[in-house]
Amino acid sequence: RGRHRDGGPLRPPADGSVTVISGRRAAREAALLILFGVDATRTMLPEEALALFRANFRDDPDVLEAMYSPELKIEDTKQLAKAMKLLADDGARWAFVERLVKGAMGHLTALDELIARCSLNWKVPRMGIVDRNILRLSAYELAFEPDVPSRVTLNEAIELAKRYGTEDSGAFVNGILDRIAQELGRV
């Protein structure tokens with residue numbers, strides 16, 4: 001089973017409810033995992049990382065459980081099928097994943113410069129790998145995806161940071177993204 005960033009098991013809500021898995025949230029989580037892999041290995045091109053994720057992880061129940069817990073009860077085959085369908089090759093969500101990954105990697109230098117300008121006393125290479133890639137992903141979305149409301153981008157980034165980052169990641173990402181949104185006129 002998947003593990004929360006604090007080492008404990010990922011658990012569904014106490015009331016036993018299952019929330020609907022958001023397609024865009026699924027896409028952002030997949031994009032973050034791919035960007036993390038590219039950043040960690042420093043050897044893959046975006047297309048290679050997308051193909052690797054598509055071939056090895058996208059349909060893996062353990063990966064899906066880790067990505068979507070607590071939203072997904074892995075025993076629920078309907079929920080599992082829905083999670084797999086969200087990232088299907090012919091779906092709009094996989095196209096969004098590709099756009100996010102290729103866009104963030106294609107504009108990496110400009111995004112890192114923007115992040116550096118908007119972060120106080122932090123150099124981008126010194127940031128935690130999770131925080132850095134959430135910032136890249138979200139800065140790309142703020143700069144190049146005008147159909148996505150900035151508040152949605154910020155809220156999703158904060159949730160990703162709380163889930164995958166450290167205890168302080170949510171506030172750290174929020175502060176920098178607020179400045180980025182202001183600089184881009186997206187407030």
Side-chain angles (χ1 to χ4, degrees), residues 2-14 17-40 53 63-72 83 86-87 93 96-97 99-101 103-105 107-108 110-187:
R3 292 271 190 224
H4 192 273
R5 69 176 176 265
D6 66 7
L10 293 167
R11 294 187 180 97
S17 66
V18 177
T19 54
V20 176
I21 301 167
S22 159
R24 287 254 171 147
R25 177 168 289 174
R28 286 182 185 94
E29 289 206 30
L32 174 61
L33 292 174
I34 294 166
L35 290 174
F36 181 95
V38 169
D39 197 3
F53 183 85
V63 172
L64 292 172
E65 180 182 20
M67 281 176 62
Y68 300 126
S69 291
E71 294 92 357
L72 176 65
L86 284 174
L87 297 176
R93 299 309 171 221
F96 188 53
V97 171
R99 206 164 63 238
L100 290 174
V101 170
M105 296 309 299
H107 297 282
L108 187 64
L111 293 173
D112 282 356
E113 289 170 359
L114 176 63
I115 293 165
R117 276 195 313 275
C118 294
S119 61
L120 305 175
N121 303 319
W122 277 95
K123 293 182 180 180
V124 175
R126 301 278 302 157
M127 294 176 181
I129 190 170
V130 171
D131 295 348
R132 178 172 58 238
N133 284 290
I134 291 170
L135 289 167
R136 287 171 173 164
L137 179 68
S138 303
Y140 170 79
E141 219 175 309
L142 287 168
F144 298 101
E145 296 285 335
D147 63 311
V148 180
S150 60
R151 187 60 25 214
V152 171
T153 299
L154 270 65
N155 288 339
E156 291 287 332
I158 293 164
E159 289 304 312
L160 286 172
K162 287 178 181 177
R163 178 156 185 189
Y164 293 106
T166 66
E167 184 177 319
D168 299 324
S169 291
F172 178 74
V173 165
N174 184 33
I176 295 173
L177 286 179
D178 276 340
R179 288 189 285 281
I180 289 172
Q182 287 174 7
E183 182 168 319
L184 296 174
R186 294 283 315 265
V187 284

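Atom set for the values below is all heavy atoms of this structure, side chains included, hydrogens, waters and symmetry mates excluded.
In plain terms, the two heavy atoms of Phe53 and Leu33 that are nearest each other are CE1-CD1, 4.0 Å. Scanning all heavy atoms of the two residues, the minimum distance from Ala139 to Ile180 falls at CB-CD1, 4.2 Å. The minimum heavy-atom distance linking Ala116 with Val124 is given by the pair N-CG2, 3.8 Å. Nearest heavy-atom pair, Arg186 versus Leu142, reported as atom, atom and distance to 0.1 Å: NH1-O, 2.7 Å. In plain terms, the two heavy atoms of Ala30 and Val97 that are nearest each other are CB-CG2, 4.1 Å. A pairwise comparison of heavy atoms in Leu111 and Tyr140 identifies CD2-N, 3.7 Å as the closest pair.
Of the inter-residue distances, the one linking Glu141 atom CD with Glu156 atom CD reads 8.0 Å to the nearest 0.5 angstrom. Residue Ile134 holds its CD1 atom at 11.0 Å from CD1 of Ile115, rounded to the nearest 0.5 Å. Of the inter-residue distances, the one linking Ser150 atom OG with Leu177 atom CG reads 10.5 Å to the nearest 0.5 angstrom. To the nearest 0.5 Å, atoms CG (Asp131) and CZ (Arg126) are separated by 13.5 Å. To the nearest 0.5 angstrom, Leu100 atom CG is 8.0 Å from Leu35 atom CG. How far CG of Asp112 is from CG of Leu108: 4.5 Å, rounded to the nearest 0.5 Å.
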- [ ] Would you please test Glu145 and Arg99 for side chain to side chain contact (heavy atoms under 4.5 Å, CB included) and show each step?
- [x] CA-CA 10 Å; Glu145 296 285 335; Arg99 206 164 63 238; 2.8 Å; yes

- [ ] Apply side chain to side chain contact (heavy atoms under 4.5 Å, CB included) to the pair Arg163 and Glu159, showing each step before the final yes or no.
- [x] CA-CA 6 Å; Arg163 178 156 185 189; Glu159 289 304 312; over 6 Å; no

- [ ] For side chain to side chain contact (heavy atoms under 4.5 Å, CB included), just list the numbers for Phe172 and Leu135, CA-CA rounded to whole Å, side-chain angles, deciding distance to a tenth of an Å, and then say yes or no.
- [x] CA-CA 10 Å; Phe172 178 74; Leu135 289 167; 4.1 Å; yes

- [ ] Could you give me the CA-CA distance, side-chain angles and deciding distance for Val152 and Arg24, then say whether side chain to side chain contact (heavy atoms under 4.5 Å, CB included) is met?
- [x] CA-CA 10 Å; Val152 171; Arg24 287 254 171 147; over 6 Å; no

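When side chains are defined from C-beta on, Cys118 does not count as touching Gln182, because their heavy atoms never get closer than 4.5 Å. Annotation: side chain of Tyr164 is not in contact with side chain of Phe36 (no heavy-atom distance under 4.5 Å). Side chains of Leu114 and Leu184 form a contact here, defined as non-hydrogen atoms less than 4.5 Å apart. Using a 4.5 Å heavy-atom threshold, the side chains of Ile129 and Asn133 count as touching. In this structure, the side chains of Val173 and Leu160 stay at 4.5 Å or more apart for every pair of heavy atoms.
For CG of Asp147, the number of neighbouring non-hydrogen atoms (other residues, nucleotides, ligands) closer than 6.0 Å is greater than 12.
Remark: side-chain polar atoms of Arg93 are not paired, donor with acceptor, to backbone N or O of Ala27 under 3.5 angstrom.
Using modelled atom types and a 3.5 Å distance limit, the side chains of Ser169 and Thr166 yield a donor-acceptor pair.
A parallel orientation is assigned to the rings of Phe144 and His107, their planes being inclined by less than 30° (bins at 30° and 60°).
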